[in-house]
Amino acid sequence: MDSLNHNATFRSSPEMEKFLCNRLLDPTQPISERFRALFSLRNLKGSGPRNALILATRDSSNLLAHEAAFALGQMQDADAVPALIAALNDLSLHPIVRHEAAEAIGAIGLESNVALLRNSLVLDPAQEVRETCELALQRIKQLKDDGGKSTVEKSPFLSVDPAAAATSCLSVHQLREVLLDEEKGMYERYAALFALRNNGGDEAVAAIIDSLGSKSALLRHEVAYVLGQLQNKVASAALSDILKDVNEHPMVRHEAAEALGSIADDQSVSLLEEFSMDSEPIVSQSCEVALSMLEYERSGKSFEYFFMQAPLVQ
């Protein structure tokens, strides 16, 4: 997942759409250019962008493939579900891709997918995928309990979150206890995490940073993602330690790299430059994309291709 989410839909010419699809799927292009195309396509509707993103979920770059699955979930396009199911069930794919396919199925939220998620919850060999299925099942259940209303979807960060933020009547201390409790269910801990993110105060950020010590790689990766959304420099040291740890799960190191790119202090940039040569492609490519995004931002340009286009109101 990346820390920049946009739910607006943009106008684009057929020529631009074709260019973006071709750029996304062209393995000869730098990974940062392919990500620029991906981030642009997720703001478009229709079969062309959807099909290009579906094809990208099978890309040789696990980073790009997982981001394409994430984008399909954020777009909440029900027509993408069969391809996401196929990705979830394909054990030849990297767990980071299968995890993102499961999360996307939960983001789209169709009750008809409950049985297959339950199946993967039991049978998938990767713990991070099983835990994602647990989250997706609970999200679909909450959507059903809410009568299909979008209470799960509302996020001040414009992201379709895997869990609804916990009730605002809980204190930061109570939320911290839930987040750090290894006996709690994953959905409840995620709900506490997003509530702390939405609070955003110093105490809340400190609690989020503390949860980077969780036993669950899935939770740790989401914590790093949230710290990227918050862009709080207080988290730089902890995120740097994760990126440096070659024994950490690649999905956690990847999110730490993207979060450091969002924080963008001098030390973070130096670390991203160093680990853009990491032996794990998920990590090295994350650093490369983060540095490219930062370069565009500092030059006053948009990382996405059609920043001059007018947004359509949804």
Side-chain angles (χ1 to χ4, degrees), residues 1-2 5 7 38 41-42 45-47 49-59 62-155 158-164 185-191 193-194 216-219 221-222 225 251 255:
M1 291 188 293
D2 71 286
N5 295 291
N7 286 343
L38 192 157
L41 285 167
R42 72 181 180 188
K45 299 292 186 183
S47 60
R50 177 179 66 247
N51 292 337
L53 288 166
I54 286 172
L55 287 172
T57 64
R58 302 301 180 125
D59 197 82
N62 291 317
L63 184 72
L64 187 79
H66 109 288
E67 194 72 32
F70 173 70
L72 290 167
Q74 294 295 297
M75 293 162 72
Q76 298 188 289
D77 187 339
D79 289 333
V81 167
L84 291 168
I85 291 172
L88 173 59
N89 289 334
D90 187 347
L91 297 184
S92 71
L93 296 179
H94 194 286
I96 196 174
V97 182
R98 302 204 311 280
H99 136 72
E100 210 64 72
E103 184 174 305
I105 292 167
I108 293 168
L110 299 179
E111 191 178 357
S112 57
N113 293 321
V114 165
L116 74 96
L117 287 167
R118 284 177 176 162
N119 186 64
S120 292
L121 176 63
V122 175
L123 298 178
D124 198 282
Q127 180 179 347
E128 57 269 35
V129 179
R130 297 194 301 273
E131 290 177 344
T132 306
C133 291
E134 176 190 337
L135 285 168
L137 284 165
Q138 188 60 37
R139 186 181 188 281
I140 291 171
K141 179 181 182 298
Q142 183 156 7
L143 281 171
K144 181 183 178 182
D145 292 346
D146 291 342
K149 296 177 183 177
S150 298
T151 54
V152 179
E153 323 247 343
K154 295 176 181 175
S155 163
L158 303 180
S159 52
V160 182
D161 295 328
M186 192 57 61
Y187 192 88
E188 190 173 358
R189 297 177 78 185
Y190 263 56
L193 171 64
F194 292 127
S216 167
L218 183 74
L219 183 61
H221 112 287
E222 196 71 23
Y225 169 73
M251 71 190 298
E255 290 293 358

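In what follows, every heavy atom counts, from backbone to side chain, and hydrogens, waters and symmetry copies are set aside. Bear in mind the structure is a predicted one, so any value in this text is a computation, not a measurement.
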Inset, instruction - Using the test side-chain contact (heavy atoms from CB on, under 4.5 Å), find all partners of P82 that sit at least two apart in sequence or belong to another chain. - result: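 With neighbours one apart ignored, the set is empty.
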Legend entry - Set of side-chain contact (heavy atoms from CB on, under 4.5 Å) partners for N51, sequence neighbours left out: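 Once residues adjacent in sequence are excluded, the partners of N51 under the side-chain contact (heavy atoms from CB on, under 4.5 Å) criterion are S47, I54.
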Which pair of non-hydrogen atoms, one from [X] and one from [Y], has the smallest distance, and what is that distance?
X: A101; Y: A69; result: N-CB, 4.0 Å
X: G106; Y: A136; result: CA-CB, 3.7 Å
X: I140; Y: G109; result: CG1-CA, 3.8 Å
X: A71; Y: R42; result: CB-CB, 3.9 Å
X: A191; Y: A163; result: N-CB, 4.1 Å
X: V160; Y: A107; result: CG1-CB, 3.9 Å

Inset, instruction - Can you run down the salt bridge (charged side-chain N to carboxylate O under 4.0 Å, His left out) pairs that involve residues 104-123, sequence neighbours left out, and say none if there aren't any? - result: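 Sorted pair list: E111-K144.
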Just how far is it from atom [atom1] of [X] to atom [atom2] of [Y], taken to the nearest 0.5 Å?
X: E103; Y: H66; atom1: CD; atom2: NE2; value: 9.0 Å
X: L143; Y: L110; atom1: CG; atom2: CG; value: 9.5 Å
X: T132; Y: E222; atom1: OG1; atom2: CD; value: 9.0 Å
X: Y225; Y: L193; atom1: OH; atom2: CG; value: 10.5 Å
X: L72; Y: E67; atom1: CG; atom2: CD; value: 10.5 Å

Inset, instruction - Ignoring hydrogens and angles, state whether a donor on the side chain of Q138 or Y190 is under 3.5 Å from an acceptor on the partner side chain. - result: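 Distance-only check fails for Q138 and Y190.
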Inset, instruction - Kindly state each residue pair satisfying side chain to side chain donor-acceptor pair (under 3.5 Å) with at least one member in residues 78-94, sequence neighbours excluded. - result: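 Of all non-adjacent pairs touching residues 78-94, those that pass side chain to side chain donor-acceptor pair (under 3.5 Å) are R58-D90, D90-S92.
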Inset, instruction - Report the C-alpha distance between L84 and I108 in whole Å, list the side-chain angles of each, state the deciding distance to 0.1 Å, and finish with yes or no for side-chain contact (heavy atoms from CB on, under 4.5 Å). - result: CA-CA 10 Å; L84 291 168; I108 293 168; 3.7 Å; yes
Legend entry - Qualifying residues under side-chain hydrogen bond (donor to acceptor under 3.5 Å, both in side chains), relative to N113, sequence neighbours excluded: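 Applying side-chain hydrogen bond (donor to acceptor under 3.5 Å, both in side chains) to N113 gives none.
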Inset, instruction - Report the residues that fulfil side-chain hydrogen bond (donor to acceptor under 3.5 Å, both in side chains) with E131, sequence neighbours left out, ordered by chain and then residue number. - result: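 Residues passing side-chain hydrogen bond (donor to acceptor under 3.5 Å, both in side chains) with E131: Q127, S216.
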Legend entry - Verdict with supporting geometry, L116 and I105, side-chain contact (heavy atoms from CB on, under 4.5 Å): CA-CA 10 Å; L116 74 96; I105 292 167; 4.3 Å; yes
Legend entry - R130 side-chain N/O to D124 backbone N/O, donor-acceptor pair under 3.5 Å: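 Side chain of R130 to backbone of D124, a donor-acceptor pair under 3.5 Å: yes, one is there.
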Side chains of [X] and [Y]: closer than 4.5 Å at any heavy-atom pair?
X: H221; Y: I96; value: no
X: M251; Y: L218; value: yes
X: P125; Y: R98; value: yes
X: D77; Y: K45; value: no

Legend entry - Y187 and its side chain to side chain donor-acceptor pair (under 3.5 Å) partner, picked from E134, Q142, R139: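 Looking at E134, Q142, R139, the match for Y187 under the side chain to side chain donor-acceptor pair (under 3.5 Å) is Q142.
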Legend entry - Qualifying residue, where the test is side chain to side chain contact (heavy atoms under 4.5 Å, CB included) with L117 and the options are I85, L135, L137: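 Answer after filtering I85, L135, L137: L137.
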Legend entry - Step-by-step side-chain contact (heavy atoms from CB on, under 4.5 Å) determination, V129 to L88: CA-CA 9 Å; V129 179; L88 173 59; 3.8 Å; yes
